[in-house]
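Computed from a predicted model, the values in this text were never measured in an experiment.
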Amino acid sequence: MLGLSWRRLFSIFCCPPSLSSITAKLSFQPPEPSYTLQEIEAPPAQDVAQDERVDPTVSLPPICSLHLSESVNCLYSQWDLDMVEMFRCITKRGNSLACMYIRCAPGSRYTLLYSHGSNTDLGQVCSHYIALGCRIGCNIFSYDYSGFGMSSGRPSEKNIYADIEAAWHALRTRYGVPPENIILYGYSIGSAPSIDLATRYNCAAIILHSALMSAMRIAFPHIRRTFCYNPFPNIKKISKVTCPVLIIHGTEDENIDFSHGLGLYEYCPQAVEPLWVIGGNHYNLHHYAQYEERLQHFIYQELPFIYQELPNP
């Protein structure tokens, strides 16, 4: 969202000059798709519904074979690809969404519902998902936003909220993962759909990685209040989240200033001890040892303690 040329700025604000189009062009930079999908024959219901909580009578979309472009294929071994399952689901706004489920830890209680950044797609980030899931012992479910990868439609604020809701229902329906076992993980722009979903559905927790307070506060850092038109108003919604929230931010973030992490932490009543990575930027926090250590402590020590301490309904 930063470092734009004058030509790029002209195209954003003049073609066409509407608030929604400006928001989309500033917030999303979908790359050339790094993969393709081809539908294959759906397996028998008993093979898909391995978890007894999955209703075998539910009609599930067919599994798709994943074909990676040459630029990213070198990142994956056959062992990696054997963990990955791809399929499509339809959002309430009518877009076809590419979804990815990675069995990093088949016996794990938790699944991360991961919403990625604004300039990547599933083919590019899958290797990161595999490494992360294997290290922290969680399965990972992700999706491409409308207009990204093999997802249809155009990226927009309304679409991104519909996208994560469709992904949520796909994870619940296809794999039978209950809400109390789903951790929402929002990286960068992915913090917006994650927070929005958490205001409407119960889940185990949210992890906000390099999150933004709002789009206006990135464009105009000195803003101290929320205007009527303020795309991705995380700072307004975060107070409505009732599950535990872990906020992670680098102090030298060049895309979304460190002040955004501080602001979200201040306004979030359910925030646990945050992780401020000294010297970390927007892209390298996963290279720091404390990043993985903090995730493991949050998932396997803090969450069990928090929910044990909650009064019975």
Side-chain angles (χ1 to χ4, degrees), residues 28 30-106 111-117 119-130 133 139-156 158-177 182 190 193 197:
F28 304 106
E32 287 296 317
S34 65
Y35 67 98
T36 58
L37 297 178
Q38 182 178 359
E39 290 188 357
I40 58 179
E41 184 178 355
Q46 62 268 27
D47 292 337
V48 175
Q50 295 179 10
D51 193 305
E52 62 182 7
R53 293 166 297 189
V54 178
D55 185 352
T57 65
V58 174
S59 178
L60 299 176
I63 295 172
C64 297
S65 57
L66 173 65
H67 302 277
L68 297 164
S69 66
E70 292 184 4
S71 62
V72 298
N73 188 55
C74 60
L75 300 175
Y76 302 93
S77 67
Q78 189 58 48
W79 181 82
D80 293 329
L81 297 177
D82 287 343
M83 289 191 285
V84 178
E85 185 170 287
M86 303 287 301
F87 64 95
R88 298 179 184 273
C89 69
I90 304 298
T91 76
K92 65 183 180 182
R93 293 175 63 84
N95 293 324
S96 174
L97 220 61
C99 297
M100 172 181 284
Y101 181 71
I102 309 176
R103 291 185 174 87
C104 303
T111 298
L112 301 188
L113 175 48
Y114 198 118
S115 299
H116 61 64
N119 58 357
T120 190
D121 69 10
L122 291 177
Q124 295 173 331
V125 296
C126 179
S127 61
H128 168 66
Y129 290 162
I130 293 171
N139 298 311
I140 294 187
F141 185 95
S142 191
Y143 61 101
D144 263 336
Y145 308 127
S146 297
F148 281 67
M150 288 293 101
S151 293
S152 68
R154 299 172 66 87
S156 71
K158 289 182 178 179
N159 276 339
I160 202 174
Y161 297 147
D163 294 342
I164 193 172
E165 186 171 22
W168 168 271
H169 289 304
L171 176 58
R172 297 273 293 109
T173 301
R174 190 179 193 99
Y175 301 102
V177 182
I182 299 176
L197 188 78

Side-chain donor-acceptor pair under 3.5 Å between Asp121 and His116, yes or no?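 Result is no, nothing qualifies.
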
Atom [atom1] in [X], atom [atom2] in [Y]: separation rounded to 0.5 Å?
X: Ile182; Y: Leu171; atom1: CD1; atom2: CG; value: 4.0 Å
X: Leu60; Y: Thr173; atom1: CG; atom2: OG1; value: 8.0 Å
X: Thr36; Y: Met86; atom1: OG1; atom2: CE; value: 10.0 Å
X: Tyr143; Y: Thr91; atom1: OH; atom2: OG1; value: 11.5 Å
X: Ile164; Y: Tyr145; atom1: CD1; atom2: OH; value: 7.5 Å
X: Leu75; Y: Cys126; atom1: CG; atom2: SG; value: 9.5 Å

Where the side chain of [X] meets the backbone of [Y], is there a donor-acceptor pair that is under 3.5 Å apart?
X: Ser152; Y: Ser96; value: yes
X: Tyr35; Y: Gly149; value: no
X: Asn119; Y: Pro30; value: no
X: Arg88; Y: Leu97; value: no
X: Ser34; Y: Ser69; value: no
X: Asp144; Y: Ala98; value: no
X: Ser142; Y: Met100; value: no
X: Asn139; Y: Tyr101; value: no

Kindly give the heavy-atom pair with the smallest separation between [X] and [Y], and that separation in Å.
X: Asp80; Y: Val84; result: O-CG2, 3.6 Å
X: Ser151; Y: Ser146; result: CB-CA, 4.1 Å
X: Gly153; Y: Asn95; result: CA-OD1, 3.5 Å
X: Gly147; Y: Pro155; result: CA-CD, 3.9 Å

Report the C-alpha separation of Met83 and Ile140 in whole Å, then their side-chain angles, then the decisive distance to 0.1 Å, and conclude whether the side-chain contact (heavy atoms from CB on, under 4.5 Å) test is met. CA-CA 10 Å; Met83 289 191 285; Ile140 294 187; over 6 Å; no

Audit row: Phe28, Ile160, side-chain contact (heavy atoms from CB on, under 4.5 Å) steps and yes/no: CA-CA 10 Å; Phe28 304 106; Ile160 202 174; 3.7 Å; yes

Partner of Cys99 by side-chain contact (heavy atoms from CB on, under 4.5 Å), out of Cys89, Cys64, Pro61: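 So, applying the side-chain contact (heavy atoms from CB on, under 4.5 Å) to Cys99 and each of Cys89, Cys64, Pro61, only Cys89 qualifies.
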
Per the side-chain contact (heavy atoms from CB on, under 4.5 Å) rule, which among Leu113, Val177, Asp163 passes with Trp168?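 Going through Leu113, Val177, Asp163 one by one, the side-chain contact (heavy atoms from CB on, under 4.5 Å) with Trp168 is satisfied by Leu113 alone.
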
Are side-chain heavy atoms of Tyr129 and Leu122 found at a separation under 4.5 Å?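 When only atoms from C-beta onward are counted, Leu122 and Tyr129 do touch, with a gap below 4.5 Å.
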
Taking the side chain as everything from C-beta on, heavy atoms only, tell me whether Lys92 gets closer than 4.5 Å to His169.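 Not touching, per the 4.5 Å side-chain cut-off.
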
Test log, rule side-chain contact (heavy atoms from CB on, under 4.5 Å), inputs Leu68 and Leu81: CA-CA 10 Å; Leu68 297 164; Leu81 297 177; 4.0 Å; yes

Does the plane of the ring in His128 sit parallel, tilted or perpendicular to the ring in Tyr114? Use 30° and 60° as the thresholds.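 Because their plane-to-plane angle is over 60°, the rings of His128 and Tyr114 count as perpendicular.
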
Classify the ring geometry between Phe87 and Phe141 as parallel (under 30°), tilted (30 to 60°) or perpendicular (over 60°).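 The arrangement is tilted - the two ring planes meet at 30° to 60°.
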
Starting from the C-alpha separation in whole Å, work towards a yes-or-no answer on side-chain contact (heavy atoms from CB on, under 4.5 Å) for Tyr175 and Thr111. CA-CA 10 Å; Tyr175 301 102; Thr111 298; over 6 Å; no

